[in-house]
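Keep in mind that the numbers below use all heavy atoms, side chains included, and drop hydrogens, waters and symmetry copies. For the single chain, residues carry numbers from 1 onward in sequence order.
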Amino acid sequence: KRDWSSDVCSSDLNTLLKIAEIVTTAGTQVRAKLDTDTVDEYANAMLDGAVFPPVVVFHDGNRYILADGFHRIMAAQRNSFKDFECDVRKGAKPDALKFALAANSAHGLKRSPADKRRSVELALAEWPKLSDREIARICAVSHHTVGDVRGQLGEMPSSNERIGADGKTRTVKPKPAQEVRAAAQTT
């Protein structure tokens with residue numbers, strides 16, 4: 001029998017929250033799609049008495065925003081559970097999103113290439129001026145992946161400035177395809 005609770009380190013300061021109080025619609029679900037087979041597997045394991053790690057939520061003073069544990073919460077809801085153990089952290093939606101972007105890079109259901117791409121897309125939408133390397137660090141992907149996704153999405157106005165991990169703003173040279181798009185937009 002698998003020990004689900006060993007998948008992540010949890011804090012001794014966990015809180016039992018009503019599932020109805022946990023916000024799952026704040027834009028912090030970073031998977032390309034939730035895996036129904038995983039939800040079924042978790043739901044069955046929960047009914048068999050398996051202990052799962054707490055989900056991670058960020059409390060902004062009003063809401064408990066889910067950052068990690070969407071499959072677990074869906075499984076608990078499927079079983080009509082009312083409460084779930086939560087690792088509650090202080091922060092707002094951007095904090096929850098930043099945490100969620102790298103969640104599952106080391107535990108849980110392995111991220112698919114589509115999941116990684118969605119993480120990068122969400123990060124670029126939230127922090128368009130961060131450097132490819134900083135977005136890569138946040139999302140736990142390669143900076144080449146970030147550059148590819150950024151290029152496929154097309155540049156936004158004034159997006160040739162990037163903020164690095166050191167907080168300094170730098171101007172980056174556009175790639176040839178970006179130069180072509182920029183020239184086409186001015187004509």
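Residues L130 and I138 have side chains in contact (heavy-atom distance under 4.5 Å, counting atoms from C-beta outward). Looking at heavy atoms from C-beta onward, L97 lies in side-chain contact with E126 at the 4.5 angstrom threshold.
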**Item:** From CA spacing to verdict: side-chain contact (heavy atoms from CB on, under 4.5 Å), F99, D68
**Value:** CA-CA 8 Å; F99 183 91; D68 183 31; 3.6 Å; yes
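The side-chain contact (heavy atoms from CB on, under 4.5 Å) test applied to L47 returns N79, F81, not counting sequence neighbours.
Within a 6.0 Å radius of CZ in R133, no more than 12 heavy atoms belonging to other residues, nucleotides or ligands are found.
The structure places CG of L16 at 9.0 Å from CD1 of I19, a figure rounded to the nearest 0.5 Å.
L101 and V30 make their closest contact through CD2-CG1, 3.7 Å (heavy atoms, listed as atom of the first residue, atom of the second, distance). The two atoms that bring W127 and I135 nearest to each other are O-CD1, 3.9 Å, heavy atoms only. Scanning all heavy atoms of the two residues, the minimum distance from M46 to A76 falls at SD-N, 3.8 Å. Residues P128 and R150 share a closest heavy-atom pair of O-NH1, 3.0 Å. Between A100 and T28, the shortest heavy-atom distance links the atoms CB-O, 3.4 Å. Residues A75 and A43 approach most closely at CB-N, 3.5 Å, considering heavy atoms.
For the salt bridge (Lys or Arg N to Asp or Glu O under 4.0 Å) condition, the pairs that include at least one residue of residues 114-123, sequence neighbours left out, are R31-D115, R117-E121.
Without hydrogens or angle criteria, R111 side chain to A102 main chain gives no donor-acceptor distance under 3.5 Å. Side-chain atoms of H71 come within 3.5 Å of backbone N or O of D35 as a donor-acceptor pair.
Hydrophobic clustering (side-chain heavy atoms under 4.5 Å, transitive across Ile, Leu, Val, Met, Phe, Trp, Tyr) groups V39 together with I22. Note on V23 and I73: separate hydrophobic clusters, where clusters join Ile, Leu, Val, Met, Phe, Trp and Tyr whose side-chain heavy atoms are under 4.5 Å apart, directly or indirectly.
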Review item, side-chain donor-acceptor pairs of residues 49-66, under 3.5 Å, at least two apart:
from	atom 1	to	atom 2	distance (Å)
D60	OD1	N62	N	2.9
D60	OD1	R63	N	2.6
D60	OD2	R63	NE	3.3

